[in-house]
Protein chains: 2
Amino acid sequence: MNKNNVNKSVTMRDVADHVGVSVATVSRTLRNPEVVSPAVRDKIAAAIESLGYLPDPAARALASTRSDIIGVILPSVSNNVFADVMDGIYSAVEGTHHSVQLGYSRYAPLSEENLIRVFLRQRPAGLIVAGVDQTEAAQALLREAGCPVVQIMETGSNPYDRMIGFSHYDAARAATAHLIAQGYRRPGFLGARMDPRTQRRLHGFRDELRAHGIEEGKRIQTTTRPSSVTLGSHLLAQLMDLAPETDAIFCINDDLALGAMFEAQRRNLRIPDDLGICGFNDMEMMAAAEPSISSVRTFRREMGEGAVQLILDALSGSAAQEKVVDLGFQIIQRRSTRGR
Amino acid sequence: MNKNNVNKSVTMRDVADHVGVSVATVSRTLRNPEVVSPAVRDKIAAAIESLGYLPDPAARALASTRSDIIGVILPSVSNNVFADVMDGIYSAVEGTHHSVQLGYSRYAPLSEENLIRVFLRQRPAGLIVAGVDQTEAAQALLREAGCPVVQIMETGSNPYDRMIGFSHYDAARAATAHLIAQGYRRPGFLGARMDPRTQRRLHGFRDELRAHGIEEGKRIQTTTRPSSVTLGSHLLAQLMDLAPETDAIFCINDDLALGAMFEAQRRNLRIPDDLGICGFNDMEMMAAAEPSISSVRTFRREMGEGAVQLILDALSGSAAQEKVVDLGFQIIQRRSTRGR
DNA sequence: AGGCGTAATGTAAGCGGTTACATTCGTCAA
DNA sequence: TTGACGAATGTAACCGCTTACATTACGCCT
């Protein structure tokens with residue numbers, strides 16, 4: 001199909017011949033320019049430019065012990081929380097000589113373990129994984145990865161290597177505390193997917209209720225189905241049917257919150273008077289909604305950028321002391337929880 | 001899968017020694033099992049399993065003329081239209097021996113051209129690019145790529161290789177026709193980003209108005225800023241201020257439509273009576289909104305899956321005749337355009 | 001002038017696979 | 001029995017780059 005391949009690609013050999021030096025010198029001006037004399041360096045740069053030379057990453061990876069790939073393993077493609085993280089990752093990688101390789105575990109730890117294995121096989125420059133809920137085997141792999149490993153989305157006391165995120169438990173507690181502070185006395189909880197991260201939010205919610213001596217009753221509605229706006233509507237419907245006393249809800253993400261808001265409107269519940277609503281993540285739409293919806297702001301883009309930065313720092317030896325970076329969160333109050 | 005030690009990874013050499021054959025035989029049982037005797041084949045398979053051998057993709061790519069990477073170049077990380085496409089792509093790639101390499105052009109043709117160059121350098125198994133608006137140089141590269149190339153998101157008459165998508169022009173015309181059929185006589189247009197694809201939707205809108213002899217007046221509100229729900233609110237506000245006669249809007253995506261709906265509610269415009277709203281893409285939330293919002297359904301996941309399938313077919317020689325696959329679209333009517 | 005240290009460059013051995021070509025071996029027809 | 005032949009396997013040359021080590025060139029000191 002391509003014996004007479006038109007992109008007879010130009011190799012380092014071509015550049016070397018063009019300048020009249022050895023390939024080693026070309027390689028050096030690319031890797032350690034400082035050991036090459038300025039005159040030669042300039043000629044090589046010119047040749048690279050005029051011939052349109054681009055290094056072959058496979059050859060580079062094979063010859064050196066490192067590829068320049070930063071592997072990223074996330075649970076979900078479609079969750080827009082991760083889209084923001086990816087945005088941060090890509091923007092931090094831009095301008096470096098690194099490239100990103102993305103894998104999706106679909107929330108399946110075994111699938112994640114397998115991806116880790118495959119990714120490590122390429123001797124990546126670094127690895128970014130989500131959270132702390134890896135399988136035993138995956139944990140072992142990550143601890144011996146032989147490259148910087150950054151866990152994102154969470155904080156914790158025992159990272160494999162480094163970690164950047166925030167405490168889902170604390171964030172959920174704070175959101176719940178906010179609802180209570182606004183005078184709501186019968187807050188409910190809407191959760192979907194219920195992966196470990198979501199579970200931690202539920203714990204936070206429960207503990208905060210308990211701290212205030214509030215019974216949770218039947219006001220915790222969860223499902224393992226993936227989150228969606230529609231699901232938010234369903235869950236609120238379910239909640240109000242089972243626990244009509246509910247006067248506020250904490251939703252594990254903004255999609256659910258939005259769906260719940262729509263459902264509340266359908267039921268002629270006044271927001272925030274009859275029902276307070278608080279989302280999670282503070283996606284852009286929450287501010288635009290009518291009424292605007294309170295949420296817990298998280299720093300997703302920063303998480304992605306920070307993760308890449310941690311890897312680059314480790315690679316360049318300029319790594320900071322702290323193993324764990326806590327980006328925190330912020331309760332953003334809007335009309336939907338203006339209280340009673 | 002016993003030896004988890006990735007640092008001194010097990011190579012084909014190890015497998016060969018373990019079985020007592022040459023590496024060539026191991027390589028063959030991986031690439032063309034049929035030329036290896038069943039007995040040896042089984043022993044090798046067992047050794048691979050027990051040693052936990054994983055091939056080194058870099059070495060493979062270097063030695064063969066093809067890597068097993070499918071390159072994907074999209075304009076935007078955060079646009080959730082592309083998230084759905086990616087979902088389709090990843091799910092179609094799963095189970096094959098291919099992997100995905102993702103690049104983002106940020107809507108910049110030159111950046112796209114550069115990515116194409118870099119990706120082609122890896123002799124990818126295939127390439128997926130968005131749309132038809134490449135630079136001259138990029139077009140030349142793609143026509144001579146030496147691997148299957150699939151353009152997604154659009155249809156057209158002159159693909160570089162293959163194409164799968166739908167007509168944005170037709171879709172916009174159909175949506176506009178729908179508004180008119182519902183009795184709206186002064187439809188407006190809200191557009192953001194205004195990349196070439198969006199422009200085509202605008203053309204469709206305009207042509208349909210013209211076909212009905214409707215003046216567009218000042219009812220076309222666009223901006224080059226990236227789309228968001230908040231921006232939808234702003235644009236509607238602007239539109240109603242400049243052209244209060246507007247009785248319906250076609251929004252180039254669902255985010256804008258949602259934002260416009262919120263703004264309409266703030267202004268106490270009744271939907272659909274005072275203002276009809278039609279979005280584009282039919283994201284999941286449109287059905288859940290209150291009122292539910294009409295939209296143009298597009299088949300994004302299918303586009304991603306289809307694109308990968310086209311590449312796999314081309315690779316296996318079982319490619320179909322048609323160069324262009326039109327996935328079409330569907331007008332989904334909901335309450336927001338129930339007419340007057 | 002001869003010797004030496006240093007900076008700049010060249011030489012060549014891999015990295016882990018693929019694959020054209022060579023070799024071995026068993027089978028079968030003559 | 002023997003030679004021919006095809007199937008199975010081995011041998012070794014790459015693929016394009018990196019890098020340890022060898023070599024060269026040159027300036028400076030004694």
Item to check | Selection residues 75-100 of chain B - residue pairs positive for ring-ring contact (aromatic ring centres under 6.0 Å, His included), sequence neighbours left out | outcome: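 Residue pairs with at least one partner in residues 75-100 of chain B: A/Y104-B/Y90.
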Checklist entry - Distance-only, no hydrogens or angles: does the B/S64 side chain make a donor-acceptor pair with backbone N or O of B/R60 under 3.5 Å? => result yes
Item to check | Polar side-chain atom of B/N80 near backbone of B/A83 as donor-acceptor pair, under 3.5 Å | outcome: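 Not confirmed, B/N80 side chain does not pair with B/A83 backbone.
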Checklist entry - For B/S22, which contact category applies under a 4.0 Å heavy-atom criterion: base, sugar-phosphate, or nothing? => result base
Next on the checklist: Could you tell me how far apart B/E34 (CD) and D/dA7 (P) are, to the nearest whole angstrom?
Outcome noted: 13 Å
Checklist entry - Rounded to the nearest Å, what distance is computed from the NZ atom of residue B/K43 to the P atom of nucleotide D/dT9? => result 9 Å
Checklist outcome for this item: Per-nt protein contacts along nucleotides 15-24 of chain D (heavy atom under 4.0 Å; B base, S backbone sugar-phosphate only, - none) come out as BBBBBB----
Checklist entry - Can A/E112 and A/T135 be counted as having a side-chain donor-acceptor contact under 3.5 angstrom? => result no
Item to check | Partner set under ring-ring contact (aromatic ring centres under 6.0 Å, His included) for B/F166, not counting sequence neighbours | outcome: B/H168
